[in-house]
Amino acid sequence: MNNISSNLLQIKSRLPESVQLVAVSKFHPAEAIQEAYDAGQRIFGESRQQEIEAKHTQLPRDIEWHFIGHLQTNKVKSILPYIHTIESVDSLKLLREIEKQAGLLSVKVDCFLEVHIAREPEKYGFSMDECREFVATKEWEGYQGVIIAGVMGMATYTDDKEQIHQEFRSLRNFFQELKASFFVGENSFRHVSMGMSSDYGIAIEEGSTLVRIGTSIFGEREY
Ligand SMILES: *Cc1c(COP(=O)(O)O)cnc(C)c1O
């Protein structure tokens with residue numbers, strides 16, 4: 001038996017006040033989310049459009065939903081009315097579609113640029129150079145719906161703690177670089193989303209502002 005509320009409270013007690021918790025509820029039922037909600041959690045992360053679609057209608061309205069998986073452009077429109085943050089913006093095509101649809105719906109949505117930091121080959125996300133190039137165009141300054149609110153990254157899945165430290169440090173440094181070069185005085189550019197169940201302690205040491213934790217709260221996922 002998982003005791004979701006005690007897992008949650010235990011993790012929260014270890015987080016510095018400056019770090020927000022996204023409870024990653026993918027593949028867990030709405031009842032599990034409700035239990036975490038009743039224990040005070042308000043930010044939840046999901047990675048599939050159909051799943052989040054179903055869950056958000058069943059659950060309290062004041063939940064802050066974060067999308068953390070690969071998002072297809074044709075799914076953007078349907079999630080925008082209730083989504084708070086898309087943490088996994090992994091292409092310009094996707095970002096521009098979010099901007100277009102958010103404009104049509106007159107909504108604002110926080111977006112994080114997903115950045116490659118792991119040594120493993122990754123299917124999705126920007127290289128740091130691609131991010132630099134895009135941010136330098138200042139295209140985003142004209143956006144009406146999209147708020148560029150930070151960066152997100154995942155470390156290599158490894159036992160080598162020093163490697164994980166280095167990868168998270170590289171993301172934090174990259175955030176600082178973008179902040180200093182392009183987002184000075186832009187308070188909305190504020191998040192470094194890094195750290196999952198296995199590595200969030202390291203991520204916090206390296207300056208994470210937002211951790212995404214699933215298994216340690218809800219137990220193993222059954223796919
Ligand atoms: C599933 C997932 C998590 C949560 O992983 P856990 O190991 O269960 O804590 C965090 N971030 C992303 C992007 C995920 O897809």
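Numbering of ligands and ligand atoms starts at 1, following listing order.
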- Message: Any nitrogen or oxygen of S47 lying under 3.5 Å from a nitrogen or oxygen in ligand 1? Just yes or no.
- Response: no

- Message: How close do K55 and W65 get, counting heavy atoms only, and between which atoms?
- Response: CB-CH2, 4.1 Å

- Does an N or O anywhere in G214 fall below 3.5 Å from an N or O of ligand 1? yes

- State, without any angle test, whether H116 and S127 hold a side-chain donor-acceptor pair at a distance under 3.5 Å. no

- Message: Looking at E64 and R42, is there a salt bridge between them, counting it only when a charged N and a carboxylate O are closer than 4.0 Å?
- Response: no

- Message: I need the atoms of ligand 1 closer than 4.0 Å to a non-hydrogen atom of M154, numbered in the order shown.
- Response: 13 (C)

- Message: Is it the case that ligand 1 has an N or O less than 3.5 angstrom from some N or O of S198?
- Response: no

- Message: When you compare ligand 1 with S197, is there at least one nitrogen or oxygen pair between them that comes in under 3.5 angstrom?
- Response: yes

- Task: Mark yes when over 12 heavy atoms from residues, nucleotides or ligands other than E162 sit less than 6.0 Å from its CD; otherwise mark no.
- Result: yes

- Item | Closest contact, heavy atoms only, C111 versus V89 | CB-CG2, 3.9 Å

- Item | Pairs flagged by salt bridge (Lys or Arg N to Asp or Glu O under 4.0 Å) wherever residues 14-31 is involved - sequence neighbours left out | none

- Item | Donor-acceptor side-chain pairing of E220 and T215 below 3.5 angstrom | no

- Would you mind finding which of I68, V211, I213, D199 brings a heavy atom closest to atom 13 (C) of ligand 1? I68

- Looking at T215, which atoms of ligand 1 are within less than 4.0 Å of one of its heavy atoms? 6 (P), 7 (O), 8 (O), 9 (O)

- Item | Which atom of S193 lies closest to which atom of E87, heavy atoms considered | OG-OE1, 2.7 Å

- Item | Protein heavy atom at shortest distance from atom 5 (O) of ligand 1 | M196 CE, 3.5 Å

- Query: For atom 1 (C) of ligand 1, what is the nearest protein heavy atom, given as residue, atom name and distance?
  - Reply: K26 NZ, 1.5 Å

- Given that the side chain starts at C-beta and the backbone is N, CA, C, O, which of these parts of R221 lies under 4.0 Å from ligand 1, counting heavy atoms, or is it both or neither? side chain

- Query: Among protein heavy atoms, which lies nearest atom 4 (C) of ligand 1, and at what distance?
  - Reply: R212 O, 3.7 Å

